[in-house]
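Worksheet: the structure to be examined is printed underneath.
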Amino acid sequence: MDATILLLLLQDGVVNGAIYALIALSLVLVFTVTRVILIPQGEFVAYGALTLASLEAGTLPGTVPLLLGLGGLAFLADCAEGRHSLDGRGLLRLALRDLALPGIVAASAWILAPMKPGLLIEILVTLAIVTPMGGFLHAVAFRPLAHASVLVLLIASVGVHLALTGLGLVFFGAEGSRTPPLSEASFPAGPLLISGQSLWMIGLTLAIIVGLWLFFSRTLLGKALIATAVNRLGARLMGIAPALAGRLSFSVAAFIGALSGVLIAPLTTVYYDTGFLIGLKGFVAAIIGGLASYPAAAAAAILVGIIESVASFEASAFKEVIVFMAIIPVLLWRSLRSAPVEDEE
Amino acid sequence: MRRIVWALALAGTVLAGPVLAQPIKIGVTIAKTGPAASLGIPQANTVTLLPTEIGGQKVEWIVLDDATDTTKGVANARKLASDDHVDAIVGSSVTPVSLALIEVAAEAKVPLISLAASSKIVAPMDDKRRWVFKAPQNDGLMAEAIAAHMAKAGVKSVGFIGFNDAYGDGWLAEITPRLEAKGIKLAATERYARTDTSVTGQVLKVMAARPDAVLIAGSGTPAALPQKTLKERGYAGKYYQTHGVANADFLRVGGKDLEGTVLPAGPLLVAEQLPEANPVRKVALDYTKAYEAKFGAGSLATFGGHAYDAQVLLANAIPVALKTAKPGTPEFRSALRDAIEGLKDVVYTNGVVNMTPTDHVGQDDRARVMVTIENGKWKLLPATN
Amino acid sequence: MPTRLAPTPLLTGLFTLLVVALPVLPGVPPFWLTLMTYAGLSAIVVTGLVVLTGVAGITSFGQAMFVGISAYATALLTTQGGLSPWLSLPVALVLSAVAAWAIGAITLRLSGHYLPLGTIAWNISFFYVLGNTDALGRYDGLTGLPPISLFGHPVLGGGEAMLLTWGFLALSLWLTHRLLRSRTGRAIRALKGGVVAAESFGVDTARVKIVAFVYAAMLAALSGWLYAHIQRAINPTPFGINAGIEYLLMAVIGGAGSIGGGVFGAVLVTVLKDQLQNVLPLVFGAQGNFEAIVFGVLLVLMLQRAPDGLWPLIVRRSVAAPPERGPAREPLAPRPAAAPGTVLLEAANLKKTFGGLVAVNDIGFAVRAGEVVALIGPNGAGKSTTFNLVTGVARLTSGAVRLGGREVTGLPARRIARLGCARTFQHVKLVAGMSVIENVALGAHLRGSAGPFRGALGLDAAEEAALFAEAESQLARVGLTACRDLPAGSLALGQQRIVEIARALCLGPQLLLLDEPAAGLRHQEKQSLSDLLRRLRQEGLGILLVEHDMDFVMGLADRLVVMNFGAKLCEGAPATVRRDPAVVEAYLGSAA
């Protein structure tokens, strides 16, 4: 391996790592607020990429009826949840959020899709389709489980993942898709050729990290989310409903997922089941970050990306073995650093 | 006394009834979901086109999804054999599951027609594999063609990038000795997973070995990624793909980066370009028309053709077997097995079949053509050998 | 949620009857037998997961790997080595156990979420190693395995395979049931009540975790061996991460807290997946692939209805099964008490800092046999930290602790327990789902010696009877015999504190450390606690207690050690301390 190849591999690793980082950030966000390890995060990525590809091809993506269906279910779930306190205005608010909003999105997708309105509009429509799914999924699947153990939440998460992957197969078929890049430009840098697309990707990842950091440290809503994560009862006393915080975190996760999908779709082929393995690697990064720290998770994600890239050069058949065995020492190190057996309150 | 006669008669009808009315049942277990769904879905689609009457007998097709999972596939096959009492089983879509089905077929003594590639499914012939037949071409037949094409094109060294699964394994095992025989060096062997988002590492490694040509062994759209990455890195050698890519989605995803790629394929892929004299042409075109009429223009995948071919084999063998036994009986299954083994000059969408007791694929050179990609379309290359 | 270890005998009986009858009943579709075979194979693995995840609280996604290790081992041994499957079984089991021990030694050091991720990492790697190893047939796997033969008759499939599988499942259930009730089993179950509590009764929790891990792996291996010879062809897919996730899913959906839940989950998921394949085409037409979708949705719905799994809803029994009573036995021989006045505990210059914060500064005191010493002080004075320093739960920054004249500074809690020092906790640490008597018996952990093998095979009856007799007598002593078979979690908090004292007494201690024993007790209960402690003092025990309740302390303690802001304010008899101006200042000052 010479220096040029090493540089190329590093570049490849960083670009892949950026996607893992985006997933890891969403996982950390959702976990800190709801204790759910969001395995379906990968599906948001696939949905984002494949929805964009459908729009690009001028067809109405299957995610649109799904959005309407989920909205309807969320409406029912919200009504059931608030049945004791719901008045006319409350009902109207729920109907707006759960029925009218997806309705508008679906209508615009239906009108715009055959017109092929150009990449930018298509991306916006894609984000508008996938983002609300997060909140709806929270209302339908996870809010009723708010008091369950992390393990039960995890298995419920597996259930949602199975259902979403199955739906992905129905909507998009077994074969993959790609989309045109956001930017055709490329810049020579020494031996490297840096594509505009990969710059977009890294830039947006950084922007999201900074955005999350600002959101959590500077805004009231962000602080409220953190507060919910730290102490649910306390947050409730302060007037922050954990359910609302959960819903918000899921929507943000779905947004980041869809955006990641939009970003990788031009770089690689995305399949209905692409989400699982990249989601798992994002999960690895999130865990190394202790499911708590954004910078640590992002750094771990880049590390995973680089290890993967180098491993696929050195021993491609054993790439996953190398990636996953490499994390064991890291996990040990993190375990030893975290407090030993002291479960005293 | 009369009551006893009645009872006996009634018992007789009850016992004999189902046998008389029994249609021929064919069980199908394929990968409608899971990693090989891109193979299983066109196969499942094809089953809906198949005739429901063969040789004057009703035929019932029972399709089960094995999700590309061995355990599920074996469970399906047992269910088909023990509960549905099928007369034959078709499936599964991939080699590892098909290998596991051999045990069930031999145990239940049901003829099995596999839709997977590897020759291991039918060779070496033994007591168990007596019951097993295979519709798709052996990887070996295809590998042979690629090696020959490479030799003719003056290729001296080859880089291999294949799926990190049974498909990639099968190709690597078949191509290695054939390249050796032609004096071509296998300069690099790299593997990748179907859903990998990047193959930069593998591509750099292959390019570092500077081969004259690269062979990519993947199926469907995932086979496009290494080629696109190679192009992006400026690899200027020859590109070869395998018959696993033969569907329209591959062309759609690969786009202009696929121009000039050479691959072996079943004649079904380029049916309308076959010479009129080729007997395969008509069968293949009929199937193509029927499929695309139902599932949309350009939706054809050769994987579906294998399911159709399995039916062709059965349709030719069933009338023979019907002469000696009734459907739903062990005798019929055994007769059906013998009949399939005795098939001669049967034309199906992927060639012409002559089965023998030792060859349960029964294909010859007519089961493959060399194809290139030109202007985003498959183009038949003239036969050179 | 209370841990239900086994279904009722009636349910077990009915179910056994059904399983045995299934293959011989006329009209049963033969595929049901195949299906139940697969359900049984999964149930064996899931039973191991119940021990590992449901009971010990170690979440593992990696059980499919151990199924695979065994399946590949037996495949190689029987096809290439020509061994009979019956001979390859022990090899496969031992191999998996060794692998589990080695992997567990590394992985079980992982804490929190790192551990489940570790098991995912192992299992994914395992899959790719199988797929890329020539000797293991790569992705095509190994074929042509011989069937298991029973009395010279090959078990090929159908009813025979099912009975064989369920026979092994019954054996696994029996072993697991025995194991969980044994001394080792109580230690495994204690992991959920908190590692600190278990350690302070001498349980080596790291070792217990390994035992649970190895046991679960061996059950997985048993399943793998059966699978390989019933399937007779293996390849990497059934041993991948998806299978690992599915085993865990079965355990959780059925109810990971109980053996019955595990079996139920395995049967339910297997049958459900099959039935979906039959039913859905009737609803949606033959073309769709809706099984996974509907399965995922049903899974979420079931969890919403029953977050503890479905089994507890079916069994509807809130009381943990009382342990079987062995032959009536004498309690364990009491340990000799130290001569009155012997110094039992000597703490000198204890110091503990957290970062820059000094929590405990230069504390020293002694406890002698036959006296009650109380550690008092306002909130945040460092009493509990001092307590933890003495018992080895927290590490000393500097200073020394001597027990019975022996330097124990830096020793882990379980070693300190061996020296006859027992304790209770400020925040009660009982295993909520375990019966009161079993919780108390846990205190006698160090006074027994039976390991997992003796426990699982039921060779520990005599020792168990003695341990339980001891626990009974201690429970009688604290006056809670009536609560014997109730789940500990169902008791009032005050009673739970008393149970902790009974558990501590089971250790046969010379020194008893009580952290706020009177908190949450009613007046009458305080009275009897006070009486009990007096009796214990009379018997020669040394008692150190941390307490807020001044009336309680003043009437009982021989000496008081008063702490404030981490430092010792004064020490002396209650009457002296009461008059000390510094104490008055500290209390009035902080109380005002």
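Throughout, protein chains are lettered first and strands after them, A, B, ... in sequence-line order, and every chain is numbered starting at 1.
Note that CG of Leu276(C) is 11.5 Å distant from CG of Asp65(B), once rounded to the nearest 0.5 Å. Between the CG atom in Asn164(B) and the CZ atom in Arg138(C) there is a gap of 8.0 Å [rounded to 0.5 Å]. Distance check, rounded to the nearest 0.5 Å: CG of Leu35(C) to CG of Asp83(B) gives 9.5 Å. Rounding to the nearest 0.5 Å gives a distance of 11.5 Å between CZ of Arg78(B) and CG of Leu33(C). Considering OG1 of Thr34(C) and NZ of Lys79(B), their distance stands at 10.0 Å, rounded to 0.5 Å.
Neither the backbone nor the side chain of Val63(B) has a heavy atom closer than 4.5 Å to any heavy atom of chain C. Within the 4.5 angstrom heavy-atom criterion, only backbone atoms of Thr68(B) (N, CA, C, O) approach chain C. For a residue to count as touching a neighbouring chain, one of its non-hydrogen atoms must lie under 4.5 Å from one of that chain's; by this rule Asp84(B) does not touch chain C. Contacts between Asn242(C) and chain B at a heavy-atom distance below 4.5 Å are absent for every atom of the residue. Both the backbone and the side chain of Leu64(B) come within contact range of chain C, judged by heavy atoms closer than 4.5 Å. Using a 4.5 Å cut-off between heavy atoms, Gln277(C) contacts chain B through its side chain alone, with no backbone atom that close.
Among Ala233(C), Pro236(C), Pro29(C), the residue with the largest count of heavy-atom pairs under 4.5 Å with chain B is Pro29(C). Of the residues considered (Thr143(C), Leu41(C), Asp274(C)), Asp274(C) shows the highest number of contacts with chain B, using heavy-atom pairs under 4.5 Å. Heavy-atom pairs under 4.5 Å with chain B were tallied for Leu156(C), Asn132(C), Thr37(C); the largest tally goes to Leu156(C). Put simply, of Thr237(C), Leu145(C), Asp140(C), the one with the most heavy-atom pairs under 4.5 Å next to chain B is Asp140(C).
No more than 12 heavy-atom neighbours from other residues, nucleotides or ligands sit within 6.0 angstrom of CG on Asp127(B). At most 12 heavy atoms of other shown residues, nucleotides or ligands fall within 6.0 angstrom of atom CH2 in Trp32(C).
Residues Tyr227(C) and Thr71(B) form a side-chain contact, since some pair of their non-hydrogen atoms from C-beta on lies under 4.5 Å apart. Two residues are said to be in side-chain contact when any heavy atoms from C-beta on lie closer than 4.5 Å; Glu291(C) and Thr33(B) fail this criterion.
Between the side chains of Thr70(B) and Asn235(C), at least one donor-acceptor pair of N or O atoms lies under 3.5 Å.
For the pair Arg232(C) and Glu107(B), the salt-bridge criterion is met [side-chain N within less than 4.0 Å of a carboxylate O].
Of all heavy-atom pairs spanning Pro96(B) and Tyr139(C), the tightest one is CG-O, 3.6 Å.
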